[in-house]
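Working notes, structure below.
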Amino acid sequence: MKTTSQTKFSLFFSDGTRLTYGNCLVACIASILDEHIDEVPNVYTFYNLDDKENTETENHLWFKVINLWLEKKYKKVLIKHSMDDSTDEPFVIMRGLSLRGKPHTCIFKNESGSLLPYFDPHPTKEYLSAQHYYYTIENIWKASL
């Protein structure tokens, strides 16, 4: 795996409202696929185009766009998992809160069933203060089993 640092960072207004999105998720996907970060679709442009309140992650437009790209280019798919799920994938993209108190993703390595911090694409390299769920990038045929 060639780790790739994020190139964009979230900006927030003083009231906590988000102004712009960082690209930590894109950096994690690029790292796992050994892809240049500019080759992975900037899914953040799709974040505010659907109703976040009443939609599961898998139904969001950004999630569908990244999966379309993964399917066409790699015959793979991004799958969301709860923290209770187990995986055989060697690396996962962990979603949670950064030590800065903001949403963030990092790469965790699967060590005999334990998911351990491996790479943080943010320059602080602080990883996560809380883990909410994780994503795997899997072959389409495996994901359909």
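Being a predicted model, the structure only gives us computed values, none of them experimental.
Counting heavy atoms from C-beta outward, Ile137 and Val77 have side chains that stay 4.5 Å or more apart. Looking at Asp85 and Tyr134, their side chains come closer than 4.5 Å, going by heavy atoms from C-beta outward. No side-chain heavy atom of His104 sits under 4.5 Å from any side-chain heavy atom of Ser10. Side-chain contact between Cys28 and Ile107 is present, with heavy atoms from C-beta onward closer than 4.5 Å. Between Ile93 and Cys106, the closest side-chain pair of non-hydrogen atoms is not below 4.5 Å. Glu111 is not listed as a side-chain neighbour of Pro90, based on a closest heavy-atom distance of 4.5 Å or more. Side-chain contact between Leu33 and Met1 is absent, with no heavy-atom pair separated by less than 4.5 Å. No side-chain heavy atom of His36 sits less than 4.5 Å from a side-chain heavy atom of Lys2.
Put simply, Phe13 and Leu11 are part of the same group of oily side chains (I, L, V, M, F, W, Y) that touch within less than 4.5 Å, one to the next. Ile37 and Trp69 fall within the same hydrophobic cluster, where Ile, Leu, Val, Met, Phe, Trp and Tyr residues are linked whenever their side-chain heavy atoms come under 4.5 Å apart, directly or through other members. Under a hydrophobic-cluster definition in which Ile, Leu, Val, Met, Phe, Trp and Tyr are linked whenever side-chain heavy atoms come within less than 4.5 Å, directly or via other members, Phe63 and Ile32 are assigned to the same cluster. One hydrophobic cluster, built from ILVMFWY side chains closer than 4.5 Å, cannot hold both Leu68 and Ile29; they sit in different ones. Under the 4.5 Å side-chain heavy-atom criterion for Ile, Leu, Val, Met, Phe, Trp and Tyr, Leu128 and Val92 are members of the same hydrophobic cluster.
For the pair Tyr133 and His81, the tightest heavy-atom approach, listed with the atom from each and the gap, is CB-O, 3.1 Å. The minimum heavy-atom distance between Trp62 and Val43, with the atom names listed, is CB-O, 3.5 Å. The minimum heavy-atom distance between Glu126 and Asp120, with the atom names listed, is N-OD2, 3.1 Å.
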- Please report the C-alpha distance between Phe119 and Thr4 in whole Å, then the side-chain angles of each, then the deciding distance to 0.1 Å, and finally whether the side-chain contact (heavy atoms from CB on, under 4.5 Å) criterion is met. CA-CA 9 Å; Phe119 174 70; Thr4 302; 5.6 Å; no

- Task: Go through the steps to decide whether Glu71 and Lys76 satisfy the test side-chain contact (heavy atoms from CB on, under 4.5 Å), and finish with yes or no.
- Result: CA-CA 5 Å; Glu71 177 185 345; Lys76 294 185 182 284; over 6 Å; no

- Residues His132, Ser82; criterion side-chain contact (heavy atoms from CB on, under 4.5 Å); working and verdict: CA-CA 8 Å; His132 298 151; Ser82 77; over 6 Å; no

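Although no hydrogens or angles enter the test, the distance criterion places no donor-acceptor pair under 3.5 Å between the side chain of Asn23 and the main chain of Val26. Not one N or O on the side chain of Thr3 forms a donor-acceptor pair closer than 3.5 Å with the backbone of Ser31. Using modelled atom types, no side-chain atom of Asn110 and backbone atom of Leu115 make a donor-acceptor pair closer than 3.5 Å. Checked by atom type and distance alone, the side chain of Ser129 pairs as donor or acceptor with a backbone atom of Leu97 at under 3.5 Å.
For the atom pair CZ (Arg100) and CZ (Phe12), the distance works out to 9.0 Å, reported to the nearest 0.5 Å. In this structure, the separation between OG1 on Thr57 and CD1 on Ile79 is 13.5 Å, given to the nearest 0.5 Å. Here Leu116 contributes atom CG and Met94 contributes atom CE; the two are 9.0 Å apart, rounded to the nearest 0.5 Å. Remark: Arg95 CZ to Leu25 CG distance equals 8.5 Å, nearest 0.5 Å.
Between Tyr127 and His122, a ring centre-to-centre spacing not shorter than 6.0 Å is recorded. For Tyr118 and Phe91, the distance between ring centers is under 6.0 angstrom.
In this structure, a donor-acceptor pair under 3.5 Å is present between the side chains of Thr17 and Asp15. Neither side chain, Glu89 nor Thr87, offers a donor N or O lying under 3.5 Å from an acceptor on the other.
Geometrically, Lys8 does not engage Tyr21 in a cation-pi contact defined by less than 6.0 Å to the ring centre and at most 45° from the axis.
In Asp88, the CG atom is not crowded: 12 or fewer heavy atoms of neighbouring residues, nucleotides or ligands sit closer than 6.0 Å.
Classification of Lys73 and Glu35 as a salt-bridged pair holds, one side-chain N sitting under 4.0 Å from a carboxylate O.
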